[in-house]
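Along the sequence shown, residues carry numbers from 1. As the structure is a prediction and not an experimental result, all values here were calculated from the model.
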Amino acid sequence: MLTSSTGNKGTTGRTGRPGESGEISTFKGQERALRAGRIGTPGLLLSVLAASAPLMVVAGVMVTTYQVMGIVGQPLLFVILGVVMALFSVGYAEMSRHVHNAGAFYAYIARGLGGTAGAGASFVALAAYSALQFGIYGIFGFEVSGLLGKHLGITVAWWVPALLGVALIGLLGALKIDLNAKVLGVLLAIEVVLIAVFDLAFAARPGPQGLSLHAFDPATLGGAGLGTALCFAVAAFVGFEQAPVYAEETSRPQTVVARVMFLAVGFVAVFFALSSWLVGVATGPDHVVATAGKEGPGLIFALTGPRLGGTFTDILHIFFVTGIFASMLSFHNVVARYAFAMGREGLLPAALGRTARTSGAPALGSLLQSVISLVVVAAFALTDRTPDGDPTTPVLKLFTWCGNVGALGVIVLMATASVAVIAFFVRRGAGRAQAGRLLAAGLAALALSTVLVYAVKDFGVLVSAEEGSALSWVLPGVIGLAAVIGLVYGRVLRARRPQVHARIGLGNEAFQLEKAASVPSPSTQARES
């Protein structure tokens, strides 16, 4: 560690003894480094898994896929996509060993495809993860409003709890990441236990066809809704790719990040494949599409009631909401760190690239995300003309629109990052040594690009837009616009501020290199003396 020659006080005004662990007093980028050693394998795993909101996926995404797409083979879909995500993780995890940056996706893309591509990816990442969080505020507000009306007889508009959620998430987002991980861990553990309980109940009391394995028959994947179902299933996996965002805050980033990604992918693939199969078992594979169409989002609760009783179903409703809250917090932390990384590298105002002195968290990035979330939720609230309890604005618009825009952006980033991984190692002469990993990255890029084509083509179906509706191109256009803005900005930086352009993707490393370059070498010092 470097210490100030004046002793107890460094350039940032913090006090401490020279050499004190964790203190870097004279380092130019002191406040531009996230606090290291805050989170280990368990905490990081819980943080990224919380983003997937298991109960929201089981009760929402799975049911919608059965209902709208009519794909009986949804369990097989999770298995197939689990393989694709594992292939993606092979190259992505290897990249995480070489690049530690809170801007994960865009940092990797910048290091592989250049600073301009990295700038484009940074704005796509900011737009995508922000959209995912905005959408979740909608379903959170709607569900909390419903619970208050059912159990307490209190009628409130959905946007009231949504705005309270924005405030609470903003407060937690400015605290230490290890505290956040504990909150996320408790909520996630409860969700997983509840899902395991009703999975076992479904297996113990199956529908008319018993414990049928029909859903794993490849023939069940046929149908016009396959492409769109793929997009829904990919959205269920979103979260595991966030692990590298916390690399700077882990104790051993070279091993922890990669380990967490593989554990998360394996857990999500197996857990969701098993759960979606047992949902089909509970109704009977031949009846699951019709039953989902009849019950809609209430399918899981309708199936658990007769098997586990009304009390369990009420508890399930409550923790369905806490799971949504955990997902909001997880996405908020990711967006705050992307804003921090972009501020540190000059892609956003430099003030965002500083951490809080007490918590080491990107407090200004967290505040910015909270303010934007407040504006978005307020905009949907002001334009809402539906009665209380009507899900049109909070669920069918805010949640569905923003959720699918965010998922589309993540697919774009994953496909591009896979290509960047190949370019990164080939340009460094490691193509032969990394041949197996690069092959996996290439296969992942091909598979993800196929899903991306389906997603853009069928985006109107994803957001339930009418045929010919402008939503079919306006909403995916948000991601396209973010990419164009980032790419143009990257070109401008390259022409007018090349030193900033060269820093894109380097993160805190750029400041270390800058300081090293400013320190005279021993030979220079000798000549000067």
Side-chain angles (χ1 to χ4, degrees), residues 47 50-57 59-61 64 125-149 156-174 180 183-184 187-188 191 235-236 238-239 242 297 317-339 365-386 388-410 463 475 478:
S47 294
S52 65
L55 259 179
M56 187 168 66
V57 170
V61 174
T64 302
L126 207 58
Y129 285 115
S130 294
L132 284 165
Q133 189 191 15
F134 300 154
I136 297 171
Y137 280 123
I139 195 169
F140 175 78
F142 177 76
E143 291 294 335
V144 171
S145 176
L147 285 176
L148 290 173
V156 296
W158 66 269
W159 51 266
V160 174
L163 291 177
L164 289 175
V166 171
L168 184 54
I169 291 292
L171 176 63
L172 289 172
N180 278 217
V183 173
L184 293 171
L187 296 179
L188 177 68
E191 281 188 82
V238 170
Q242 298 173 8
H317 268 288
I318 292 170
F319 285 102
F320 177 61
V321 170
T322 61
I324 294 172
F325 182 85
S327 183
M328 291 192 305
L329 178 58
S330 183
F331 280 117
H332 178 92
N333 286 336
V334 169
V335 175
R337 279 154 181 77
Y338 267 103
S366 176
L367 177 62
L368 175 65
Q369 175 65 357
S370 295
V371 171
I372 297 174
S373 297
L374 179 67
V375 171
V376 171
V377 172
F380 274 86
L382 290 171
T383 57
D384 185 7
R385 299 291 181 267
T386 57
D388 289 338
D390 188 318
T392 301
T393 295
V395 179
L396 302 182
K397 290 183 179 179
L398 181 54
F399 175 67
T400 303
W401 293 359
C402 291
N404 282 294
V405 167
L408 180 68
V410 172
V463 296
L475 291 176
V478 170

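How far OH of Tyr129 is from CZ of Phe134: 14.5 Å, rounded to the nearest 0.5 Å. Expressed to the nearest 0.5 Å, how far CG of Leu171 lies from CG of Leu367 amounts to 11.5 Å. Atom CG of Leu132 and atom CZ of Phe399 lie 9.5 Å apart (nearest 0.5 Å). Going from atom CD1 of Ile136 over to atom CE of Met328 covers 7.5 Å, rounded to the nearest 0.5 Å. Taken to the nearest 0.5 Å, the CD atom of Glu191 stands 7.0 Å off from the CG atom of Leu187.
Contact of the Leu475 side chain with the Asn404 side chain is not registered, since no non-hydrogen atoms from C-beta on lie closer than 4.5 Å. By the 4.5 Å heavy-atom criterion applied to side chains, Ile324 and Phe142 are not counted as neighbours. No side-chain heavy atom of Met56 sits under 4.5 Å from any side-chain heavy atom of Val61. In this structure, the side chains of Thr322 and Leu55 stay at 4.5 Å or more apart for every pair of heavy atoms. Using a 4.5 Å cut-off on side-chain heavy atoms (C-beta onward), Val144 and Leu164 make no contact. Phe380 is listed as a side-chain neighbour of Trp158, based on a closest heavy-atom distance under 4.5 Å. Using a 4.5 Å cut-off on side-chain heavy atoms (C-beta onward), Ser145 and Val160 make no contact. Side-chain atoms of Phe140 and Ile169, non-hydrogen and from C-beta on, never get closer than 4.5 Å to each other.
Tested against His332, the residues Ser366, Ser327, Ser130 include a single side chain to side chain donor-acceptor pair (under 3.5 Å) partner, Ser366. Among Asp384, Asp388, Asp390, the one residue that satisfies the side chain to side chain donor-acceptor pair (under 3.5 Å) test with Thr386 is Asp384.
Closest approach of Tyr137 and Gly165 over heavy atoms only: CE2-C, 3.8 Å. Nearest heavy-atom pair across Ala131 and Val405 is CB-CG1, 4.2 Å. Taking every heavy atom of both residues into account, Gly141 and Pro161 meet most closely at O-CG, 3.5 Å. Closest heavy-atom contact between Ala339 and Gly365: CB-CA, 4.2 Å. Considering every non-hydrogen atom in both Gly409 and Ala128, the closest pair reads CA-CB, 3.8 Å.
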Intermediate values then yes/no, side chain to side chain contact (heavy atoms under 4.5 Å, CB included), Leu398 and Val376: CA-CA 9 Å; Leu398 181 54; Val376 171; 4.2 Å; yes
Going through the distances and angles, do Val321 and His317 end up as a side chain to side chain contact (heavy atoms under 4.5 Å, CB included)? CA-CA 7 Å; Val321 170; His317 268 288; over 6 Å; no
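No donor-acceptor distance shorter than 3.5 angstrom exists from the side chain of Ser330 to the backbone of Ala326, with no hydrogens or angles considered.
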